[in-house]
Amino acid sequence: MTDQYAVIGNPIGHTKSPLIHGLFAEETQQDMAYTAIEGPLEPEQAFAERVRAFALAGGKGMNVTAPFKLKAFAMADERSERAELAGAVNAMKFEGGRIIAENFDGIGLVRDIEVNLGLPMAGKRVLLLGAGGAARGALLPFLAARPESLVIANRNVAKARDLAAQVGAHGALHACGYGDLQALGRFDLVVNATSASLSGDLPPVPPSVFSPEGAAYELAYGKRLTPFLRLARNAGVFTIADGVGMLVEQAAEAFDWWRGVRPATRAVIERLTVPLE
Ligand code: ATR
């Protein structure tokens, strides 16, 4: 029987996951189907019931997107350390009646930066903007990539400080507010993990953080030249990128986790890329 997978979110019409996993399955010749499910927002327990029904019907795994990443976290029987620190889950595997949960967003981001953009993070100065779910997912994979320093800036500085305290033994993370950035000089890589771009806003980041030979990365994808990327480009930053590569790479991680086969990503990224200008 064809193995069943799905992505669950609400709304879900915009999702690229069925296309991405369909292309992966074709390329690696896996007998699987991948659909999109609009998850119920109410009542409270309806999401978990929908997931369990999918698993009971023989479903093998699911991706989870907004607004369910926290609910998926809460209902999991087992979680990876990455998922624990992110406080959010974007992939689940159903095995022997148990739900095993992962978060591949951060690892997909690191792979896109290091492999696809060709920018190893080791020894580099890295600035992460934002301290919400997206930023939290990136922290452990970023620290594992051994940057010279990792700074996290957020409007609500207490939230950034809490995160720095939580990562603790995994590596040094310096938390600050946007007003402190001017004094911290230039960074080789600046990643916008705030949700500001979704509403066309710019986090209050000073242009002094960018270095011309460095890179600026926008987690949102398909939004073309966001105010953040425009600021970076105007500061002369050589490499600017949006999150299309991250989207495809996190999918590849999940696919490998489910199927034990790593799909090639380059052609899929090219197919989904919306030119920045
Ligand atoms: P997500 O899951 O996308 O990360 P979230 O958990 O709601 O969403 O977090 C949103 C992040 O974007 C937060 O870091 C938020 O900053 P605050 O914690 O200070 O609110 C940040 N953010 C949203 N809009 C922003 C803006 N216009 N400027 C700067 N930061 C913004």
Side-chain angles (χ1 to χ4, degrees), residues 2-26 30 32-76 79 83 86-94 99-109 112 132-134 136-137 193-195 197-200 218-224 226 242-259 263 265 268-269 271-274:
T2 301
D3 289 338
Q4 301 293 322
Y5 295 85
V7 57
I8 187 162
N10 190 324
I12 198 63
H14 63 281
T15 184
K16 302 281 183 228
S17 295
L19 171 63
I20 296 171
H21 284 280
L23 291 168
F24 287 168
E26 207 177 288
Q30 297 287 301
M32 59 184 277
Y34 189 108
T35 53
I37 296 175
E38 186 178 272
L41 296 172
E42 294 173 320
E44 185 58 31
Q45 72 282 6
F47 168 77
E49 283 167 2
R50 187 69 189 81
V51 171
R52 286 205 185 88
F54 183 79
L56 272 176
K60 299 275 186 206
M62 262 182 168
N63 280 124
V64 183
T65 187
F68 297 125
K69 289 184 178 185
L70 303 184
K71 281 191 168 170
F73 180 91
M75 73 181 293
R79 304 178 198 105
V89 155
N90 90 325
M92 298 188 285
K93 196 193 253 184
F94 309 122
I99 299 177
I100 304 161
E102 259 290 4
N103 187 318
F104 293 122
D105 286 334
I107 215 171
L109 172 60
D112 190 39
R136 281 202 307 270
T194 72
S195 54
S197 306
L198 301 180
S199 44
E218 170 75 74
L219 251 56
Y221 74 96
K223 302 252 171 242
R224 298 189 181 263
T226 60
D242 76 359
V244 65
M246 171 189 178
L247 175 73
V248 176
E249 292 297 340
Q250 65 74 29
E253 291 291 332
F255 192 92
D256 190 356
W257 186 54
W258 289 327
R259 309 299 302 179
T265 51
V268 182
I269 293 174
R271 181 154 168 182
L272 290 179
T273 294
V274 178

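Worth saying up front: this structure is predicted, and the values here are computed from it rather than measured. Values below: all heavy atoms of this structure, side chains included; hydrogens, waters and symmetry mates excluded.
- Distance alone, capped at 3.5 Å, is enough to place a donor-acceptor pair between the Asn63 side chain and the Asn90 backbone.
- The line from OG1 of Thr2 to CD of Gln30 is 11.5 Å long, rounded to the nearest 0.5 Å.
- Looking at Leu109 and Leu219, their side chains come closer than 4.5 Å, going by heavy atoms from C-beta outward.
- Put simply, the side chain of Phe68 reaches to within 4.5 Å of the side chain of Leu41, judged on heavy atoms.
- Using a 4.5 Å heavy-atom cutoff, the side chains of Phe104 and Glu249 are not in contact.
- Counting non-hydrogen atoms of other residues, nucleotides and ligands closer than 6.0 Å to CZ of Arg224 gives a total above 12.
- Looking only at distances, a side-chain donor or acceptor of Asp242 sits under 3.5 Å from a matching main-chain atom of Gly222.
- With contacts defined as side-chain heavy-atom distances shorter than 4.5 Å, the pair Phe94/Val51 qualifies.
- Here CD1 of Ile107 is found 13.0 Å from CG of Asp112. Values are rounded to the nearest 0.5 Å.
- Annotation for Ala72 and Met92: closest pair CB-SD, 4.2 Å, computed over non-hydrogen atoms.
- Exactly one residue among Val248, Leu19, Asp256 makes a side-chain contact (heavy atoms from CB on, under 4.5 Å) with Phe24. That residue is Val248.
- In this structure, the separation between CZ on Phe47 and CG on Leu70 is 10.0 Å, given to the nearest 0.5 Å.
- Pairs of residues two or more places apart, or lying in two chains, never qualify as salt bridge (Lys or Arg N to Asp or Glu O under 4.0 Å) while including a residue from residues 7-22.
- Closest heavy-atom contact between Gly9 and Thr65: CA-CG2, 3.7 Å.
- Ala254 approaches Ala91 most closely through the heavy-atom pair CB-CB, 4.3 Å.
- When each of His21, Lys60, Glu253 is checked for a side-chain contact (heavy atoms from CB on, under 4.5 Å) with Trp258, only His21 meets the rule.
- Atom CD1 of Ile8 and atom CZ of Arg50 lie 6.0 Å apart (nearest 0.5 Å).
- Here the closest non-hydrogen pair linking Tyr5 and Phe54 is C-CZ, 3.6 Å.
- Taken from OG in Ser17 to CG in Leu247, the straight-line distance is 6.0 Å, to the nearest 0.5 Å.
- Pro18 has its side chain out of reach of Thr35: every pair of non-hydrogen atoms, C-beta onward, lies at least 4.5 Å apart.
- In this structure a side-chain-to-backbone donor-acceptor pair under 3.5 Å is present from Lys93 to Trp257.
- A donor-acceptor pair is defined here as one N or O able to donate and one able to accept, closer than 3.5 Å; no such pair exists between the side chain of Asn103 and the backbone of Gly137.
- Here the closest non-hydrogen pair linking Gly245 and Ile269 is CA-CD1, 3.9 Å.
- Residues Gly87 and Phe73 come closest through the heavy atom pair C-CD1, 3.6 Å.
- No donor-acceptor distance shorter than 3.5 angstrom exists from the side chain of Asp3 to the backbone of Met32, with no hydrogens or angles considered.
- Note that OG1 of Thr15 is 11.5 Å distant from CD1 of Ile37, once rounded to the nearest 0.5 Å.
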